[in-house]
**Q** 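Below you'll find the structure I mean.
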Amino acid sequence: MTDVLVVADHRRGDLRDVSYELVTAGRELADETGGDLHVAVISGTVDEFADKLNREGVDAVHTVDYGEEFNHGVYTQATTQLYDELAPQYVLTPNSVNGLDYAPAVANELDLPIVTDTVALETDGETLTATREMYGGKVETTTELEGPAVVTIRGAEWPAAEGTGDAAIEAFDADIDEDALGTTVNGFEEVGGGDVDISEADVLVSVGRGIEEEENLEIIEELADALDATVSASRPIVDNGWLPKNRQVGQSGKVVTPDVYIAIGISGAVQHVAGMKGSDTIVAINTDPNAPIMDIADYAITDDLFDVVPALTEEFH
Ligand SMILES: Cc1cc2nc3c(=O)[nH]c(=O)nc-3n(C[C@H](O)[C@H](O)[C@H](O)COP(=O)(O)OP(=O)(O)OC[C@H]3O[C@@H](n4cnc5c(N)ncnc54)[C@H](O)[C@@H]3O)c2cc1C
């Protein structure tokens, strides 16, 4: 039996979607050997988060009520102490900015191996086989780790856990050494301007190099308005300075999982697809029927975006 501990991610008062995906990944891993799934939530409105995370298949939720926002030292100390108390085989965190900040420190503290950015996991109770992608998703590799380990999972690779669980919610009294914290969070400043988080959008209207000129972005914004959607982009649009960095989808941008992703004048390079392949419904508008994006699109419109986009806007207004 291998127990699994997953540590949820939240930011500015909201649990991140990946936290629910983490519950699924943890449950699947624990199920392989009939182990228990422990979920931990550290800092913030822990009781509210614990209720939300108490989904089907969760055996226990542990809350650490200390501070409001993510803090490297608090997460490292609390997770290490939870590990000592619960003795899980695996500790899972998201492969997020926060997860990557403290998971290696936890592994170091506990003298455990770590494997990051995993997209699939299997265990026989002793050996963990972790799948990772390399070269922008062109190559898959597997890594085998013996015994307990720390693992970070990539967002949008597991479905979000659903249903309501009946796990016990237990306050964990972590002994946080304040002298060892080193840092405090004093505030937030959004990178690249704007307060839009494209990874939380339900509908994304995404624009690529096919738009040709910055002033043509107007037709994209009009369509987004008509659909009550958020505008995102491929990398060349951001590199040109036409949209801020926080709008970029892909390997070096954000991973998004909207209900609908409309790719306009985007070819579908592996580095772009790595960031949007988890979208529920993909619509592609491209003059080239052989563009790779057409292979993954649920609806492929082979036509000129300068004709299609205004027509769609007209239709949805
Ligand atoms: C290390 C690394 C990291 C990267 N990270 C990212 C990343 O995070 N995100 C990302 O997006 N890219 C990333 N890239 C770049 C990536 O390889 C591609 O170059 C990029 O995604 C291409 O953007 P695009 O599809 O907008 O442009 P293009 O590949 O030039 O495609 C433009 C498309 O528009 C179509 N088109 C042209 N005119 C029209 C028209 N009038 N109507 C309809 N369709 C039209 C064309 O047929 C074409 O398919 C990365 C590259 C590297 C090496």
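Counting starts at 1 for both ligands and their atoms, in listed order. Below, each value reflects all heavy atoms present in this structure, side chains not excepted, and no hydrogens, waters or symmetry copies.
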**Q** Could you tell me if any non-hydrogen atom of Ile237 lies under 4.0 Å from any atom of ligand 1?
**A**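 Heavy atoms of Ile237 never come under 4.0 Å of ligand 1.
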
**Q** Please could you name the atoms of ligand 1 that Asp303 approaches to less than 4.0 Å, counting only its heavy atoms?
**A**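 Checking each atom against Asp303, I get 42 (N), 43 (C).
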
**Q** Would you mind checking which non-hydrogen protein atom is closest to atom 12 (N) of ligand 1, with the distance to 0.1 Å?
**A**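 Going by distance alone, atom 12 (N) of ligand 1 is nearest to Arg235 CB, 3.3 Å.
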
**Q** State, with a plain yes or no, whether a side-chain heavy atom of Thr230 is found less than 4.5 Å away from one of Arg247.
**A**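 Yes; the side chains approach each other to less than 4.5 Å.
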
**Q** For atom 39 (C) of ligand 1, what is the nearest protein heavy atom, given as residue, atom name and distance?
**A**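 Looking at atom 39 (C) of ligand 1, the protein heavy atom closest to it is Thr287 OG1, 3.7 Å.
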
**Q** Checking Ser206 against Ile266 for the side-chain contact (heavy atoms from CB on, under 4.5 Å) test, could you report, in this order, the C-alpha distance in whole Å, the side-chain angles of both residues, the deciding distance, and whether it holds?
**A** CA-CA 8 Å; Ser206 209; Ile266 292 177; 3.8 Å; yes

**Q** Do Thr143 and Arg132 have side chains that approach each other closer than 4.5 Å (heavy atoms only, starting at C-beta)?
**A**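 With C-beta onward as the side chain, the pair touches.
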
**Q** Would you tell me which option among Asp288, Asn286, Val255 has the nearest heavy-atom contact to atom 46 (C) of ligand 1?
**A**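 Result: the heavy atom closest to atom 46 (C) of ligand 1 is in Asn286.
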
**Q** Rounded to the nearest 0.5 Å, how far does NZ of Lys254 lie from OG of Ser199?
**A**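 Answer for the OG-NZ pair, Ser199 versus Lys254, is 5.0 Å.
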
**Q** To which of Pro292, Ser252, Gly275, Ala274 does the heavy atom nearest atom 8 (O) of ligand 1 belong?
**A**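 The nearest heavy atom belongs to Ser252.
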
**Q** Looking only at protein heavy atoms, identify the closest one to atom 24 (P) of ligand 1 and say how far it is in Å.
**A**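 Here the nearest protein heavy atom works out to Ser234 OG, 3.6 Å.
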
**Q** With atom 19 (O) of ligand 1 as the reference point, say which of Arg209, His272, Gln251 has the nearest heavy atom.
**A**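 The residue whose heavy atom sits nearest atom 19 (O) of ligand 1 is Arg209.
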
**Q** Quick test of your reading of the structure: of Pro236, Ser267, Gly265, whose heavy atom lies closest to atom 28 (P) of ligand 1?
**A**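 Comparing heavy atoms across Pro236, Ser267, Gly265, the nearest one to atom 28 (P) of ligand 1 lies in Ser267.
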
**Q** Run the numbers for me: atoms of ligand 1, each under 4.0 Å from some heavy atom of Gly208, listed by number.
**A**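 By the 4.0 Å cutoff, the relevant atoms are 26 (O).
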
**Q** Side chain, backbone, both or neither: which part of Glu212 has a heavy atom under 4.0 Å from ligand 1?
**A**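 No part of Glu212 comes within reach of ligand 1.
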
**Q** Which ligand 1 atoms are under 4.0 Å away from a heavy-atom of Gly253?
**A**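 Per the distance check, 8 (O).
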
**Q** Can you tell me which portion of Ile293 lies within the under-4.0 Å heavy-atom range of ligand 1? Options are side chain, backbone, both, or neither.
**A**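 No part of Ile293 comes within reach of ligand 1.
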
**Q** Considering non-hydrogen atoms of the protein only, which is the closest contact for atom 40 (C) of ligand 1, and what is the distance?
**A**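 Of the protein heavy atoms, Leu305 CD2, 3.7 Å lies nearest.
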
**Q** Do me a favour and list the nearest non-hydrogen protein atom to atom 7 (C) of ligand 1 with residue, atom name and distance?
**A**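 Result: Gln248 NE2, 3.1 Å.
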
**Q** With atom 37 (C) of ligand 1 as the reference point, say which of Gly250, Ala291, Gly210, Gly268 has the nearest heavy atom.
**A**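 Comparing heavy atoms across Gly250, Ala291, Gly210, Gly268, the nearest one to atom 37 (C) of ligand 1 lies in Gly210.
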
**Q** Would you name the heavy atoms of Gly99 and Pro104 that are closest together and state the gap between them?
**A**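 Minimum heavy-atom contact is O-CD, 3.9 Å.
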
**Q** Kindly state each residue pair satisfying salt bridge (Lys or Arg N to Asp or Glu O under 4.0 Å) with at least one member in residues 140-154, sequence neighbours excluded.
**A**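 Applying salt bridge (Lys or Arg N to Asp or Glu O under 4.0 Å) to every pair that reaches into residues 140-154, excluding sequence neighbours, yields Asp117-Arg154, Glu133-Arg154.
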
**Q** Given side-chain contact (heavy atoms from CB on, under 4.5 Å), test Ile211 with Ile219 step by step and report yes or no.
**A** CA-CA 9 Å; Ile211 198 70; Ile219 60 167; 4.2 Å; yes

**Q** What atoms in ligand 1 come closer than 4.0 Å to a heavy atom of Phe306?
**A**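 Checking each atom against Phe306, I get 41 (N).
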
**Q** Are any of the N or O atoms of Asp304 closer than 3.5 Å to those of ligand 1?
**A**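 Yes - when backbone and side-chain N and O of Asp304 are compared with those of ligand 1, one distance drops under 3.5 Å.
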
**Q** Is it the case that one hydrophobic cluster holds both Val7 and Val4, taking links as side-chain heavy atoms less than 4.5 Å apart, direct or via other members?
**A**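 Shared cluster, no.
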
**Q** Quick one, Thr313 and Asp225 - any side-chain contact, counting heavy atoms below 4.5 Å?
**A**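 Not touching, per the 4.5 Å side-chain cut-off.
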
**Q** Under 4.5 Å between any side-chain heavy atoms of Val205 and Tyr261, yes or no?
**A**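 A side-chain contact is absent here, since even the closest heavy-atom pair is not under 4.5 Å.
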
**Q** For atom 16 (C) of ligand 1, which of the options Met276, Gln271, Lys254 provides the nearest non-hydrogen atom?
**A**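 Heavy atom nearest to atom 16 (C) of ligand 1 belongs to Gln271.
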
**Q** For ligand 1, which is the ligand I care about here, please tell me if Val249 has any N or O atom under 3.5 Å from one of the ligand's N or O atoms.
**A**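 Yes.
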
**Q** Heavy atoms, side chains only, cut-off 4.5 Å: are Val91 and Tyr83 in contact?
**A**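 Contact flag for Val91/Tyr83 side chains = yes.
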
**Q** A side-chain contact here means heavy atoms from C-beta on lying under 4.5 Å apart; do Asp65 and Thr63 qualify?
**A**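 No; the side chains remain at least 4.5 Å from each other.
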
**Q** Counting only nitrogen or oxygen atoms and a 3.5 angstrom limit, does Ala269 reach ligand 1?
**A**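 N/O-N/O distance under 3.5 Å: no.
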
**Q** So, taking the atom named CZ in Arg27 and the one named CD in Glu56, what distance separates them when rounded to the nearest 0.5 Å?
**A**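 So the CZ of Arg27 and the CD of Glu56 are separated by 10.5 Å.
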
